[in-house]
Amino acid sequence: MTIIITDCDHGNIDEETKVFATAGLTFRLEQCITEDDLIARCAGSEYLINQYAPMTRRVMEALPDLKFVARYGVGVDNIDVAAATELGVQVCNVPDYGMNEVADHALTFFLALSRKLIPMNEQTRALRWDYKASKPIRRMSDMTVGLYGLGRIGKNFAGKVRTLGCKVVGYDVNDAVYNDPAIAFIEKVSFDDLLARSDAVLIFAPLETTRGAFDKTALSKMKPSAYLINTSRGGIVDEADLDEALKNGTIAAAAFDVMSKEPADPAHPLFQNENFICTPHMAWYSEESALELKRKAAEEAASYAKERTCRYPVNKPATPR
Ligand SMILES: NC(=O)c1ccc[n+]([C@@H]2O[C@H](COP(=O)([O-])OP(=O)(O)OC[C@H]3O[C@@H](n4cnc5c(N)ncnc54)[C@H](O)[C@@H]3O)[C@@H](O)[C@H]2O)c1
């Protein structure tokens with residue numbers, strides 16, 4: 001039985017080591033980057049924990065012993081899940097380790113943009129003590145926030161932003177999300193209404209079903225005073241269209257934790273916009289959530305290796321390998 005962590009940039013694997021020691025299982029860490037790394041270094045392995053390395057059809061076909069892949073995180077866009085299902089490879093993720101942190105990060109973006117925190121800090125440090133440069137600032141409780149996606153993180157954020165007194169409107173392709181009484185305060189709207197009515201639009205949906213959804217057409221339906229906040233995945237927003245929208249005043253500002261290519265190129269045109277703020281895909285992170293993520297990913301691999309069960313399946317292969 002071979003368990004391999006295909007790649008991991010967390011600094012240490014102490015948490016995983018504890019889980020596998022308790023389960024009586026051995027494992028090793030590789031630092032694969034490419035498909036060829038995965039094929040060469042994970043040959044013969046049955047159970048993988050994966051961070052960013054591309055788990056493509058080619059990789060899974062070249063690893064005939066592979067039975068299981070656990071992803072460190074929620075998003076599985078670096079794994080070809082359809083190919084995994086077809087090839088009998090069970091995929092799982094860790095969907096619930098950092099939802100508080102991501103919601104908090106999105107809220108931080110919303111507050112920073114609304115209160116003009118970053119430009120005013122820069123101005124004050126440049127020895128200009130003048131609140132008027134921050135104009136206009138709106139009263140929070142008069143603002144409408146629009147949530148694109150009402151899953152774990154969207155709902156968590158909704159509960160938090162509600163305490164500021166904001167009106168919350170939501171759009172989700174899955175009508176069942178509105179059955180949750182905890183979010184009865186969210187007004188269900190169409191995508192177009194979400195764009196037109198919101199003072200801030202926040203994206204809390206997976207890339208797989210939303211690639212390019214925020215393009216020139218969608219951005220043009222937003223208020224010129226509105227903010228776009230994305231803590232989900234880069235490819236959901238067309239970055240060239242956003243750049244144009246920020247430059248020509250179609251929207252007021254944007255705050256992103258994710259880019260279509262990461263690490264983002266420092267020469268990316270978006271970074272030339274003062275009304276664009278960006279953090280390095282860190283919304284998930286706190287000391288506590290990092291440990292929870294590592295522990296849960298290792299527990300999934302141990303559980304599948306020993307009992308062929310997992311708590312967070314992403315697919316359901318008809319004929320598991
Ligand atoms: N930046 C980070 O550090 C970080 C950390 C964790 C998760 N994420 C990302 O956050 C996103 C949301 O995570 P989650 O745990 O809330 O996911 P989730 O699966 O619980 O919820 C996603 C919601 O989006 C909805 N949705 C799907 N397609 C849609 C569409 N076309 N239009 C509108 N809604 C749609 C789904 O019905 C679902 O309710 C994911 O993309 C995930 O990768 C980012």
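All ligand and atom numbering here is 1-based and tracks the order in the structure. Just the heavy atoms: all of them, side chains too, but no hydrogens, waters or symmetry mates, feed the values below.
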TODO: Would you tell me whether K160 and N100 have side-chain atoms, one donor and one acceptor, within less than 3.5 Å of each other?
DONE: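 N100 and K160 do have a side-chain donor-acceptor pair below 3.5 Å.
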Task: Side-chain donor-acceptor pair present, Q123, D130, cut-off under 3.5 Å - done: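 Distance-only check fails for Q123 and D130.
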Task: V89 with I3, same ILVMFWY side-chain cluster at under 4.5 Å - done: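 Shared cluster, no.
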Closest candidate by heavy atom, reference [atom], pool [options]:
atom                    : options                : value
atom 40 (C) of ligand 1 : G75, A205, S289        : A205
atom 27 (C) of ligand 1 : I236, T209, L207, T279 : T209
atom 20 (O) of ligand 1 : R211, R152, R71, R233  : R152
atom 44 (C) of ligand 1 : T231, D77, T210        : T231

Using a 4.0 Å cutoff against the non-hydrogen atoms of [X], which atoms of ligand 1 qualify?
X    : answer
V177 : 39 (O)
H281 : 1 (N), 2 (C), 3 (O)
D257 : 1 (N), 2 (C), 3 (O)
N174 : 37 (O)
W284 : 2 (C), 3 (O), 5 (C)
V102 : 4 (C), 5 (C), 6 (C)

Mind checking whether [X] and [Y] have parallel, tilted or perpendicular rings, split at 30° and 60°?
X    : Y    : result
F276 : F271 : tilted
Y148 : F191 : tilted
F27  : F20  : tilted

Task: Expected output: side-chain E35 to main-chain P54 donor-acceptor under 3.5 Å - done: no
Open item on the list: Is M99 close enough to touch ligand 1? Criterion: a residue heavy atom under 4.0 Å from a ligand atom.
Closed with: no
Open item on the list: Heavy-atom contact check, 4.0 Å cutoff: does G98 meet ligand 1?
Closed with: no
Task: Lys/Arg cation over aromatic Y97: K296, 6.0 Å, 45° cone - done: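 The answer is no; the distance or angle limit is not met.
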Task: Greater than 12 external heavy atoms within 6.0 Å of K247's NZ - done: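 Yes, the 6.0 Å shell around NZ holds more than 12 heavy atoms from other groups.
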- [ ] Give yes if a backbone or side-chain nitrogen or oxygen of Y97 is under 3.5 Å from a nitrogen or oxygen of ligand 1, and no if not.
- [x] no
